[in-house]
Amino acid sequence: MTEPLLIGAMVRTLGAYPSGWRHPGAHRDPARDAEVLRRIAAAGEAAGLDYLFFGDWLATGPDLEFRDPYLLARIDPVSAVLYLAGITSRIGLIATVNTTYADPYTTARSLASLDVLTGGRAGVNLVTGAEPRAAGNHGRDAHADNDTRYDRAEEFVTALRRLWDSWDEDAWIADAARGVLIDADRLRAANLEGAHVRVTGPLNVARPPQGRIPIVHAGTSPRSRALAATEADLALIASPTLADAVATRRGLREIAAASGRSPESLRVIAPVLPVVADTRAEAHRIVARLLALVPLAEASQVARPGFPPNRTVAALADALGVPADDPLRDADFDAAVGTAEALRLGERGAALIERVAHIAGLGIGADAVLTWRHLVAAHAVPAAFVVGDAAAVADHFETWRDEGAADGFNVLSAFQPAQFEAFVQLAAPELRRRGLLRAPDDDATTLRDRLRVTSRVDA
Ligand SMILES: Cc1cc2nc3c(=O)[nH]c(=O)nc-3n(C[C@H](O)[C@H](O)[C@H](O)COP(=O)(O)O)c2cc1C
């Protein structure tokens, strides 16, 4: 039998689709994040998911309200995983740390602490950050360029490994009779003198149960891929299509092999945004509603700071190359898209209409009527929706696995907690039935056991 996939939840309490928080019943108050974090953790653990993953973003601003509302205000990832450490017992806990701004000693220490506290369930996602405003929040004049960020990230990884290796496994003797607590010969300094990172060590936390805590990396540039392929246990990719994911995974594995490492030791994780319901029609209705809830350029929105300019029918027409004098540009958002108008949207318009039919069941002349609102929203806010019943969602996972596109998935939820709970209640049993998800009582105890990769051996 083939091995199960690695399946984790990418937790965004305000929902991963920008209008998700507006859905009836959705969590929308970050001051009450504790409650929804507990529900997500309980559901994920009961379903046997491999990990809960928390991203990070080191700045905020009104523009995020429309693009990525979940980034506006949230619990920082290390606090989130520490909070959940005490109320979970099996699931892995992965926190994102930004290597451009974080201090390696503090990071090694807090992650080792998490690993000790959880009996080996800690993981760290290292990112270099793409948000220029982070600089101003950390006393810098500007966000460093890509090369500088990755130079520092590489040294950061070395620092973490050396610090986690400070204590040999048998350094702690605790011989009460002889009065010898440690074997000082088995405690070593880190002594890293890099261009960006300097740290002496040793680390003042006992050796983490996993030894070297699993490293995740998420990025897209060539330097990012090199870092993921040579240093990470898990590489998070952002591929929108199966073909792109296959090529990206192959490329990462080639770099891994060229660096002298077994490609099998690198797990490639793709994102997925499942909308699963008992029936395909019900799942379609959820997506149609999410599209209808995307704020468009109406009087109540346009005057607001950070409102995106692409949320008009005219902007959609421009993007699709419709002539400037075509009257369809003045269509009301809630008017149905007509057959003649659809033809004037050209090939790319046809592809967009087909996509909306696929994810939301809406069509021209169909029972569920396609309006300009749906089209503008689907164009302005694209998402990796996989929509349908449990079998349809499991088919997606299985196809991507069989085609060599991914070793696992980060499951995003359009809104919380209902969409994540729908995933674990409906899709997880089907995934397990097909051998794609582990049994909840699987005997893997550490995150590294779940990843089925051994630790990287180097200095
Ligand atoms: C799946 C995925 C998840 C990411 N999560 C985060 C995150 O939580 N925080 C962050 O600052 N950047 C995150 N990034 C962004 C990367 O850190 C990176 O800065 C961005 O993709 C630009 O690519 P580059 O760093 O390779 O230039 C993520 C990227 C991907 C592909």
Side-chain angles (χ1 to χ4, degrees), residues 6-17 51-61 64 67-81 93-102 107 111 123-138 140 142-154 156-157 196 215-241 244-245 247-249 251-252 255 266-273 382-384 400 405-413:
L6 280 167
I7 301 180
M10 185 177 265
V11 181
R12 295 174 175 172
T13 56
L14 285 176
Y17 191 73
Y51 57 83
L52 301 170
F53 175 97
F54 294 84
D56 200 13
W57 205 253
L58 297 180
T60 190
L64 298 174
R67 208 186 69 210
D68 293 304
Y70 67 94
L71 294 177
L72 277 169
R74 59 178 176 177
I75 304 299
D76 84 78
V78 174
S79 299
V81 292
L93 296 166
I94 302 178
T96 295
V97 168
N98 187 316
T99 58
T100 305
Y101 299 101
T107 303
L111 267 298
V124 62
N125 173 40
L126 300 177
V127 298
T128 72
E131 165 58 90
R133 286 174 290 194
N137 289 335
H138 295 83
R140 312 274 178 88
H143 191 54
D145 62 28
N146 183 276
D147 270 334
T148 309
R149 296 204 310 274
Y150 279 92
D151 287 347
R152 179 173 160 86
E154 285 168 9
F156 201 102
V157 172
H196 302 271
I215 288 178
V216 184
H217 176 65
T220 47
S221 62
R223 287 290 304 266
S224 162
R225 287 189 186 183
L227 181 71
T230 54
E231 302 293 350
D233 298 291
L234 248 57
L236 304 193
I237 62 171
S239 298
T241 63
D244 187 90
T248 303
R249 179 169 175 273
L252 284 165
I255 305 170
L266 175 68
R267 306 272 161 179
V268 177
I269 307 293
V272 62
L273 178 45
W400 278 51
D407 302 296
F409 289 91
N410 271 343
V411 176
L412 294 149
S413 299

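Indexing begins at 1, ligand by ligand and atom by atom, following the structure's order. A quick note: this is a predicted structure, and the numbers were derived from the prediction, not measured.
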Mind checking what makes salt bridge (charged side-chain N to carboxylate O under 4.0 Å, His left out) contact with R133, not counting sequence neighbours?
D63, E131

Can you find a side-chain donor-acceptor pair between D56 and T96 that sits under 3.5 Å?
no

Counting from 1, what ligand 1 atoms have a heavy atom of A130 closer than 4.0 Å?
19 (O)

Taking salt bridge (charged side-chain N to carboxylate O under 4.0 Å, His left out) as the definition, give me every residue that meets it alongside R152, ordered by chain and number, with sequence neighbours left out.
none

Numbering the atoms of ligand 1 from 1, which are under 4.0 Å from a heavy atom of R149?
25 (O), 27 (O)

Passing candidate, side chain to side chain contact (heavy atoms under 4.5 Å, CB included) with F156, options T128, T99, T100:
T99

On a heavy-atom basis, which atom in A228 and which in L266 lie closest, and how many Å separate them?
O-CD1, 3.5 Å

Sub-4.5 Å side-chain heavy-atom contact between Y51 and L234:
yes

Under 4.0 Å between heavy atoms, the region of E131 that gets near ligand 1 turns out to be neither

Test item: V124 and I215 side chains (from C-beta on) under 4.5 Å apart, heavy atoms
yes

Which protein non-hydrogen atom lies closest to atom 18 (C) of ligand 1, naming both residue and atom, and how far is it?
G219 CA, 4.0 Å

Going by heavy atoms in the side chains, are E154 and T230 under 4.5 Å from each other?
no

Using a heavy-atom cut-off of under 4.0 Å, does the side chain or the backbone of N146 touch ligand 1, or both, or neither?
side chain

Under 4.0 Å from one or more heavy atoms of A238, ligand 1 contributes atoms 31 (C)

Near S221, which atoms of ligand 1 are under 4.0 Å from a heavy atom of that residue?
24 (P), 26 (O), 27 (O)

With atoms numbered from 1 as shown, which atoms in ligand 1 lie under 4.0 angstrom from a non-hydrogen atom of G55?
8 (O)

Considering non-hydrogen atoms of the protein only, which is the closest contact for atom 13 (C) of ligand 1, and what is the distance?
V127 CG1, 3.8 Å

Do any heavy atoms of P271 fall under 4.0 Å from ligand 1?
no

Give the residue, atom name and distance (to 0.1 Å) of the protein heavy atom nearest atom 23 (O) of ligand 1.
T220 OG1, 3.0 Å

May I ask you to decide if the ring planes of H143 and Y101 are parallel, tilted or perpendicular, using 30° and 60° as cut-offs?
parallel

Quick check: A218 and ligand 1, any N/O pair under 3.5 Å apart?
yes

Any N/O pair W57/ligand 1 closer than 3.5 Å
no

For ligand 1, is there an N or O atom under 3.5 Å from any N or O atom of N98?
no

When you compare the side chains of D76 and S79, does any donor N or O come within less than 3.5 Å of an acceptor on the partner?
yes

Are a donor atom and an acceptor atom from the side chains of Y70 and R12 found within less than 3.5 Å of each other?
yes

For ligand 1, which atoms have a heavy atom of S224 less than 4.0 angstrom away?
26 (O)

Taking non-hydrogen atoms only, is Y150 closer than 4.0 angstrom to ligand 1 via side chain, backbone, both or neither?
side chain

Rounded at 0.5 Å granularity, tell me how far CG in N125 sits from CG in N98.
10.0 Å

What do you reckon, does R223 put a non-hydrogen atom under 4.0 Å from ligand 1?
no

N or O pair under 3.5 Å between D56 and ligand 1:
yes

Note: ligand 1 atoms sitting under 4.0 Å from heavy atoms of T128 are 17 (O), 25 (O)

